[in-house]
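In what follows, a structure is listed as structure tokens, so that the remarks can point back to it.
The figures here come from the full heavy-atom set of this structure, side chains too, leaving out hydrogens, waters and symmetry mates.
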Amino acid sequence: MATMIEENGPSSHEQPEVSSSSQARQKLEGLLNKNMRIRMTDGRTLVGLFLCTDRDCNVILGSAQEFLKSTDTFSQGEPRVLGLAMIPGHHVVSIEVEADSLDDTQGFGGNH
């Protein structure tokens with residue numbers, strides 16, 4: 001069972017409703033270490049593990065691979081291995097979680 005740690009100390013149990021920012025944070029935390037596909041404004045696509053983001057929507061991907069824009073929609077060509085990559089938020093067009101990544105709910109055997 002997950003233990004929730006709050007930044008401002010323990011929460012009072014009198015609040016009947018969870019704030020939307022807390023819900024958004026929980027959703028983002030649930031996506032950590034999932035494979036993401038990020039399309040960028042210049043047509044490139046990066047695929048890698050979602051490691052972190054910030055308030056400016058910059059994204060850090062681990063084990064990232066870059067796919068160049070192709071004229072043929074079915075062939076993406078050979079990927080270029082980048083490793084750790086930072087994508088500025090203003091270059092992000094779309095972010096998708098890869099389906100096989102959602103099936104791995106336990107990761108490396110850790111309890112959530």
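Rounding to the nearest 0.5 angstrom, the gap separating the CG atom in L32 from the CG atom in L49 is 10.5 Å. Of the inter-residue distances, the one linking R44 atom CZ with I38 atom CD1 reads 11.5 Å to the nearest 0.5 angstrom. The CG atom of L82 sits 9.0 Å away from atom CG of L61, with the distance rounded to the nearest 0.5 Å. For the atom pair CD1 of I95 and OG1 of T53, the computed distance is 7.0 Å after rounding to the nearest 0.5 Å. For the atom pair CG of L46 and CZ of F67, the computed distance is 9.5 Å after rounding to the nearest 0.5 Å. With rounding to the nearest 0.5 angstrom, the CE atom of M36 is 10.0 Å from the CG atom of N33.
Residues forming a side chain to side chain contact (heavy atoms under 4.5 Å, CB included) with T41 (at least two apart in sequence, or on another chain): H91, V93. Looking at residues two or more places apart in sequence or on another chain, you find a salt bridge (Lys or Arg N to Asp or Glu O under 4.0 Å) between E96 and R39.
Two residues are said to be in side-chain contact when any heavy atoms from C-beta on lie closer than 4.5 Å; T45 and E66 fail this criterion.
Contact record, G43 with K69: O-CB, 3.4 Å, taken as the closest heavy-atom pair.
Contact check on R37 versus E98 returns a salt bridge, with a Lys/Arg side-chain nitrogen under 4.0 Å from an Asp/Glu carboxylate oxygen.
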*Under the side chain to side chain contact (heavy atoms under 4.5 Å, CB included) rule, what do I60 and D54 come out as? Steps first, then yes or no, please.*
CA-CA 9 Å; I60 304 289; D54 61 14; over 6 Å; no
*Take F50 and N35 through the test side chain to side chain contact (heavy atoms under 4.5 Å, CB included) and record every step on the way to the result.*
CA-CA 6 Å; F50 175 58; N35 277 322; over 6 Å; no
